[in-house]
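In what follows, a single structure is set out as structure tokens and then discussed.
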Amino acid sequence: MKAIRRFSVRPVLPAPIAALGELAMNLRWSWHPPLRDLFASIDAARWDAVGHDPVAMLSAVSPEELERLAADPAFVDAVSRAKEALDRYLGEDRWYQQWGREEADGVPSAIAYFSAEFGITAALPQYSGGLGILAGDHLKAASDIGVPIIGVGLFYKTGYFRQSLNRDGWQQEDYPVLDPDGLAMSLVREEDGTPGLVTIALPGARQLHAHVWRVQVGRVPLLLLDTDVRENDDAGRSVTERLYGGGGELRLQQEMLLGMGGVRALRLWSRVSGTPTPDVYHANEGHAGFLGIERISELVRAEGMTFDAALEAVRSATVFTTHTPVPAGIDRFDASLIELYFGGAQALEGVPVERLLALGAETYEGGSSGMFNMAVMGLRLAQRANGVSQLHGVVSREMFDGLWPGFDDDEVPITSITNGVHGPTWVDRTVFELARTHADVHQLDTQESWESFATVPRDAVWAAKRAMRSQLVAEARRRTRQSWLERGASPAELAWTDKVLDPDVLTIGFARRVPTYKRLTLMLRDPDRLRKLLLDPDRPVQLVIAGKAHPADETGKQLIQQLVRFADDPEVRRRIVFLPNYDIAMALHLYPGCDVWLNNPLRPFEACGTSGMKAALNGALNLSILDGWWDEWFDGKNGWAIPTADGVEDPERRDDIEANALYDLVESQVAPRFYDVDEQGLPQNWLSMMMHTVTTLGPKVRASRMVRDYTQQLYVPAARSGWAKADGGYAGARDLAQYKARARAAWGDVHVDHVESSGVGDTPELGETLHVTTYVSLGDLTPDDVEVQVVHGRTNHHGDELHDVASVPLAHVEAYEHGRHQFAGDLVLRSSGAFGYTVRVLPRHDGLARPSELGLVANA
Ligand SMILES: *Cc1c(COP(=O)(O)O)cnc(C)c1O
């Protein structure tokens with residue numbers, strides 16, 4: 001093979017329309033239709049041919065055409081108005097700036113957001129599924145509300161993969177190579193114009209170098225590291241070739257690059273752009289965990305801090321989000337691999353490999369001693385952590401409770417912020433049009449704007465839904481035909497694809513990645529029953545299905561094949577389609593076109609799920625297992641809950657029960673309601689559910705709500721903790737590290753020795769006061785080093801568990817010899833029923849976010 005080096009030549013734009021360049025390079029167009037219209041207005045056919053990608057569009061226009069456009073006053077005017085609008089969007093104060101001014105204690109001036117994948121637009125395919133789309137939506141919403149985030153990720157030359165099917169319905173993967181010069185990205189350069197280079201050390205005296213691309217997502221810069229550079233050997237160049245492409249060692253190299261290289265890329269960026277360095281670091285899932293190690297090393301080198309003090313400084317300003325409720329979903333490495341990459345001559349200055357290994361060690365029941373766990377490290381390196389729905393918060397606290405032994409799951413320091421989706425990206429234009437025409441609402445960004453849908457006439461709503469369903473039908477036909485051509489069919493055999501699906505039939509969508517727990521084939525549990533639903537003469541149902549299996553996941557590919565084989569049957573193929581290559585471009589047709597969005601994961605393995613939110617914003621009703629977000633926001637009127645067979649151990653039986661419940665619901669409730677129309681042809685009861693869904697879920701499921709929650713609940717507190725630790729030459733961090741060392745060393749001698757109470761009789765009444773006195777041993781700790789609490793709550797009939805717990809601190813009364821102390825206080829009985837209490841001793845220090853943080857407790 002010849003070593004051909006290829007590159008794209010960017011067009012030279014004539015001065016009057018030069019702003020088109022910036023308009024194409026800022027991905028704001030991906031959620032701002034007027035900008036897309038501007039590019040489409042150059043030539044609609046070519047706009048379709050380039051896949052609605054402005055950068056590709058500009059390359060496709062000849063210099064002569066550009067000159068003609070530059071001489072067209074109407075077009076020149078449209079360009080300058082678009083540029084003015086973009087500049088206003090980029091420069092004006094938004095929610096964060098207004099809110100931040102009221103915050104006397106200050107707000108962060110930059111927040112780094114690390115993620116292994118980012119799904120922003122189909123034109124930049126750097127995602128595999130929900131995690132990436134969420135990260136993309138996070139950046140877009142941050143831009144819209146002015147939160148100063150800087151994204152950090154990797155640039156994968158072949159993205160994830162393109163999915164197609166072979167004749168047998170088996171998934172095929174292609175890896176089309178992306179040309180960075182043809183994408184909306186620009187190289188981060190040093191002041192002298194040379195490309196900035198980030199380097200990390202690999203074993204065997206190898207170095208891994210990367211360039212840094214900047215993608216501009218509205219106001220938010222996204223930095224992507226790319227190892228396909230001349231300075232690397234062949235192996236190094238391919239480190240960022242594919243997303244989730246390699247196992248073990250390659251994955252470790254990618255994650256080192258993301259975490260450590262990502263911090264170095266941020267330093268490069270702030271140096272050359274003159275922008276502030278981040279006050280807060282957010283690791284979106286465990287992949288980026290090494291960012292904490294890099295920052296510890298920075299502090300040890302620059303500030304002469306100990307590892308422990310640096311750890312405290314780093315932890316305070318770090319946020320970790322976990323996204324998986326399945327231990328198998330977590331990245332783990334052999335401890336020996338970590339030793340190879342971080343031990344001996346490889347050790348990062350200030351980070352002894354034993355300390356690193358301890359951060360990722362699975363030191364809990366069921367953990368394995370030879371493994372290094374990225375999520376565990378993420379939790380140990382972040383003072384604040386969260387799951388992504390309320391239920392996932394509960395599941396995460398249980399899953400990781402081994403890291404905080406002695407505490408009830410409720411007190412495990414992992415909170416939750418429920419995911420959201422970016423409205424301007426995911427709400428179809430038809431829906432915006434409805435709001436504009438009938439409710440005079442121009443932006444769907446407030447509670448009131450969504451509630452205004454209640455005033456839109458129902459015939460207009462139904463006509464809009466039919467229009468969106470028809471668009472999906474047309475798209476599904478096109479894709480089905482394309483897929484059959486790729487499967488080897490000849491055009492002459494494919495006339496039937498023009499009759500696939502019907503714009504007036506109840507349309508159920510199901511699209512997602514295909515890990516086993518999502519149960520792609522649950523609907524096939526009873527094929528005859530499914531066939532009957534599809535072919536019902538009066539109330540037929542049609543199914544649009546899509547999803548990619550990970551290339552190494554043979555089981556997932558088998559599931560896809562089963563489904564494709566069912567859908568290939570000429571008897572049903574006009575009512576059920578599997579569309580290959582689920583991605584953002586397809587999703588933008590799917591959600592608006594569906595009447596019902598189906599989700600049937602194995603509860604509780606869906607951490608949140610976001611596709612159902614996107615469908616809901618477009619007036620689809622959810623039909624879902626009560627998992628993830630649906631467990632939280634299903635209200636009985638916005639869709640249907642598929643009952644779960646919780647507690648049934650046999651998975652086959654459980655699937656049978658849940659599949660039957662699904663068929664029952666479709667037969668007895670969903671289809672009858674959809675087809676129950678009045679004399680004007682309007683399904684009034686269905687429309688009531690649609691209107692209710694849009695008006696009540698609209699405000700909640702938005703990514704701007706999510707980013708605001710992250711900002712107020714996690715970023716700002718983390719920034720303030722970080723500043724408190726950094727003040728006075730990091731005195732706060734050093735002090736906290738010393739305190740922790742002291743508390744850990746002394747804790748073996750901390751006991752509750754004796755508890756006494758008085759003030760109430762055998763049958764106390766509400767409002768009476770219980771006086772509690774306790775004698776504790778504190779070893780070498782002082783009374784100020786600890787909090788002694790009465791913990792109280794409802795108790796079960798065994799009296800061995802407390803629920804709805806609350807605590808009351810007790811005051812120090814007297815010190816005795818040998819580290820013994822008396823504490824006492826009052827507790828007012830405020831709820832009736834079975835009541836229980838106990839006493840415990842916890843660490844206390846201003847630098848702790850929560851007393852459970854150290855995992856130390858002495859219970860009575
Ligand atoms: C929203 C979205 C997902 C995630 O959907 P889940 O419901 O979380 O599984 C995956 N892929 C694409 C293309 C999406 O748009």
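Read the numbers this way: they start at 1 and go in the same order the structure lists the ligands and their atoms.
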- Only one of T521, D568, L543 clears side-chain contact (heavy atoms from CB on, under 4.5 Å) with L563; which? T521

- Per-atom contacts, ligand 1 versus D583 - under 4.0 Å to a heavy atom: 13 (C)

- Query: How far does OG1 of T430 sit from CZ of R466, to the nearest 0.5 angstrom?
  - Reply: 13.0 Å

- Item | Element-labelled atoms of ligand 1 that are located less than 4.0 Å from some non-hydrogen atom of S611 | 5 (O), 6 (P), 7 (O)

- N386 versus Q713: any side-chain heavy-atom pair under 4.5 Å? no

- Message: My understanding is that only one of N622, I625, V670, I508 makes a side-chain contact (heavy atoms from CB on, under 4.5 Å) with L598; could you say which?
- Response: I508

- Query: Do H692 and D635 have a side chain donor and acceptor closer than 3.5 Å?
  - Reply: yes

- A student checking ligand 1 against K614 at a 4.0 Å heavy-atom cut-off should list atoms 1 (C), 2 (C), 3 (C), 14 (C), 15 (O)

- May I ask you to identify the nearest protein heavy atom to atom 4 (C) of ligand 1, giving residue, atom name and distance to one decimal place in Å? G130 CA, 3.4 Å

- Side chain, backbone, both or neither: I133 near ligand 1, heavy atoms under 4.0 Å: side chain

- Check Y591 against ligand 1 and report side chain, backbone, both or neither, counting heavy atoms closer than 4.0 Å. side chain

- V421 and ligand 1 - part of the residue with a heavy-atom distance under 4.0 Å: neither

- Message: Taking 4.0 angstrom as the limit and counting only heavy atoms of R512, give me the atoms of ligand 1 inside it, by number and element.
- Response: 9 (O)

- Kindly compute the distance separating OH (Y156) from CG (L225), expressed to the nearest 0.5 Å. 10.0 Å

- Message: Within the 4.0 Å heavy-atom shell around A587, which atoms of ligand 1 are there?
- Response: 15 (O)

- Query: At the 4.0 Å heavy-atom cut-off, does K518 count as touching ligand 1?
  - Reply: yes

- Query: Is the distance between the ring centroids of Y710 and H282 less than 6.0 Å?
  - Reply: yes

- Any side-chain heavy atom of E486 sitting closer than 4.5 Å to one from L165? no

- Task: Between W629 and ligand 1, find which residue part has any heavy-atom pair under 4.0 Å and reply side chain, backbone, both or neither.
- Result: neither

- If you measure only the distance, is there a donor-acceptor pair under 3.5 Å linking the side chains of R512 and N599? yes

- Identity and separation of the nearest protein heavy atom to atom 11 (N) of ligand 1: Y582 CE2, 3.3 Å

- Counting from 1 in the order shown, the ligand 1 atoms closer than 4.0 Å to a non-hydrogen atom of G609 are 7 (O), 8 (O)

- At what distance is the nearest protein heavy atom to atom 8 (O) of ligand 1, and which residue and atom is it? T610 N, 3.1 Å

